[in-house]
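Only one structure is covered here, and it is reproduced in the block below.
Start at 1 and go down the list; that is how both ligands and their atoms are numbered. Quantities reported herein were computed from a predicted structural model and do not represent experimental measurements.
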Amino acid sequence: MNSLEVKSVTKIIKNKKILNNISLEANDGQVVGLIGPNGSGKSTLFKVITNIYNPTIGKVFVDNIDLQKEYEKISSEIGFLIEEPSLYENLTGKENLMLISKLYNKFDSNIFEEVCNELEINKFLNVRFNKCSMGMKQKIGIAAAIIHNPKYIILDEPTNSLDAESIIKFKRLIKTLATRGKTIILSSHILSDVEEICDKIYILQNGEIIDCINNQENKHCIQYLIYTEKFNLRIDQIPIIEKDGQKVLIVKEEQLNDILNMLSRNNIRIFKIQEKRNTLQEKFIERIGYNECD
Ligand SMILES: Nc1ncnc2c1ncn2[C@@H]1O[C@H](COP(=O)(O)OP(=O)(O)OP(=O)(O)O)[C@@H](O)[C@H]1O
């Protein structure tokens with residue numbers, strides 16, 4: 001059974017359909033990524049998942065609890081950071097974090113210490129929130145989402161404003177939390193980070209889920225580019241492009257032997273065979289239909 005389920009959710013705000021028939025699932029111990037262009041609806045979907053917004057149509061279930069009907073039963077098990085951290089400006093980071101863990105009656109000094117150490121926020125815990133830099137605020141915002149040890153952690157672009165070292169530590173923390181059975185859903189525009197830590201990745205475009213990628217399968221999906229002399233033979237189901245006067249056949253791993261045999265039988269000269277691993281960025285560009293690098 002999926003521990004978090006978004007079922008056919010549509011969200012209309014001011015007559016505008018922001019989310020259209022979204023379905024999404026996340027299991028215990030899974031890190032699920034949500035990627036998509038600016039304005040595709042990621043933050044809105046997070047707001048529906050955390051009951052900030054009600055869906056116009058559809059349902060969200062967390063541990064089989066209908067969020068709209070019984071949110072209070074599960075609220076202490078959902079921690080989130082959506083858009084910017086919204087904490088008390090006049091309180092210190094420490095006071096804000098203590099407040100959250102006590103609010104849910106889940107203060108645990110070991111967890112408090114672990115989260116502060118992992119995110120390296122100890123050195124500015126006593127600084128008033130409105131005196132913190134963007135990166136400091138972001139780290140306290142992440143800490144605020146997990147300080148009460150919730151089972152579900154929802155993070156909207158958590159690595160925004162973090163420096164390189166902090167991003168590495170953040171990713172390590174997420175992996176650790178997942179091994180403890182936490183269900184984590186996060187978004188980011190840094191596709192290599194999403195690829196590194198997520199088990200499953202949903203691509204959102206114009207308020208619709210257009211693909212769901214099993215990251216393990218995607219990582220292991222290897223293709224081969226076979227560069228040959230020009231030929232007139234027709235080969236079904238193999239994409240072929242022309243480059244620098246050569247033909248380039250794009251072949252899946254399981255097709256490689258058959259295609260090499262066929263080329264050899266037909267005396268077609270092979271110049272080069274190149275391995276091509278499928279990155280999330282390539283998959284994203286293929287699905288979204290544009291190339292950021294152009
Ligand atoms: N309260 C609102 N009222 C009207 N339109 C809204 C509201 N909130 C979001 N939108 C619109 O919904 C669309 C999706 O916005 P959303 O913030 O969910 O996208 P996003 O994928 O998180 O974008 P980004 O990557 O830029 O953070 C946008 O067109 C936005 O203008």
> Parallel under 30°, tilted from 30 to 60°, perpendicular over 60°: which one fits the rings of His148 and Tyr104?
Replying inline: parallel
> Nearest protein heavy atom to atom 17 (O) of ligand 1, by residue and atom, and its distance?
Replying inline: Ser43 CB, 3.7 Å
> Does Lys11 count as lying over the ring of Tyr53, i.e. NZ or CZ under 6.0 Å from the six-ring centre, within 45 degrees of the axis?
Replying inline: yes
>> Using a plain distance cutoff, I'd like to know if Gly39 has any nitrogen or oxygen under 3.5 Å from a nitrogen or oxygen of ligand 1.
In response: yes
> Do Lys42 and ligand 1 have an N or O pair less than 3.5 Å apart?
Replying inline: yes
> For ligand 1, does Pro37 get within less than 4.0 Å through its side chain, its backbone, both, or neither, judged by non-hydrogen atoms?
Replying inline: backbone
>> At less than 4.0 angstrom from any non-hydrogen atom of Tyr53, what atoms of ligand 1 do you find?
In response: 1 (N)
> Should you measure from each heavy atom of Asn38, which atoms of ligand 1 turn up under 4.0 Å away?
Replying inline: 23 (O), 24 (P), 25 (O), 26 (O)
> Between the main-chain N or O of Leu162 and the side-chain N or O of Thr159, is there a donor-acceptor pair closer than 3.5 Å?
Replying inline: no
> Is ligand 1 less than 4.0 angstrom away from at least one heavy atom of Gly207?
Replying inline: no
> How far apart are the closest heavy atoms of Ile240 and Phe231, and which atoms are they?
Replying inline: CD1-CZ, 4.2 Å
>> Need the ligand 1 atom indices (1-based, order shown) with element for anything under 4.0 Å from a heavy-atom of His189.
In response: 25 (O)
> At the 4.0 Å heavy-atom cut-off, does Glu157 count as touching ligand 1?
Replying inline: yes
> Is it the case that more than 12 heavy atoms not belonging to Glu229 sit under 6.0 Å from its CD atom?
Replying inline: yes
> Is any side-chain heavy atom of Lys137 less than 4.5 Å from a side-chain heavy atom of Phe129?
Replying inline: yes
> Are side-chain N/O atoms of Asn20 and Glu208 paired as donor and acceptor at under 3.5 Å?
Replying inline: yes
>> To check your reading of the model: name the closest protein heavy atom to atom 6 (C) of ligand 1, its residue, and the distance in Å.
In response: Ile18 CD1, 3.9 Å
> Considering only heavy atoms of Lys16, which atoms of ligand 1 have at least one such atom less than 4.0 Å away?
Replying inline: 29 (O)
> Are any of the heavy atoms in Gly36 under 4.0 Å away from ligand 1?
Replying inline: no
> Numbering the atoms of ligand 1 from 1, which are under 4.0 Å from a heavy atom of Gly41?
Replying inline: 14 (C), 16 (P), 18 (O), 19 (O), 20 (P), 21 (O)
>> Minimum distance, heavy atoms only, to atom 15 (O) of ligand 1: which one of Val48, Ile82, Thr44, Leu204 is it?
In response: Thr44
>> Counting only heavy atoms, tell me which of Asn206, Ile12, Asn160, Ile13 gets closest to atom 3 (N) of ligand 1.
In response: Ile13
> Taking the six-membered ring for Trp, is the centroid-to-centroid distance between Phe107 and Phe112 below 6.0 Å?
Replying inline: yes
> Out of Glu196, Glu165, Glu195, which one pairs with Lys171 under the salt bridge (charged side-chain N to carboxylate O under 4.0 Å, His left out) rule?
Replying inline: Glu196
>> I'd like to know if the side chain of Asp156 pairs up with that of Ser43 as donor and acceptor (distance under 3.5 Å, no hydrogens or angles considered).
In response: yes
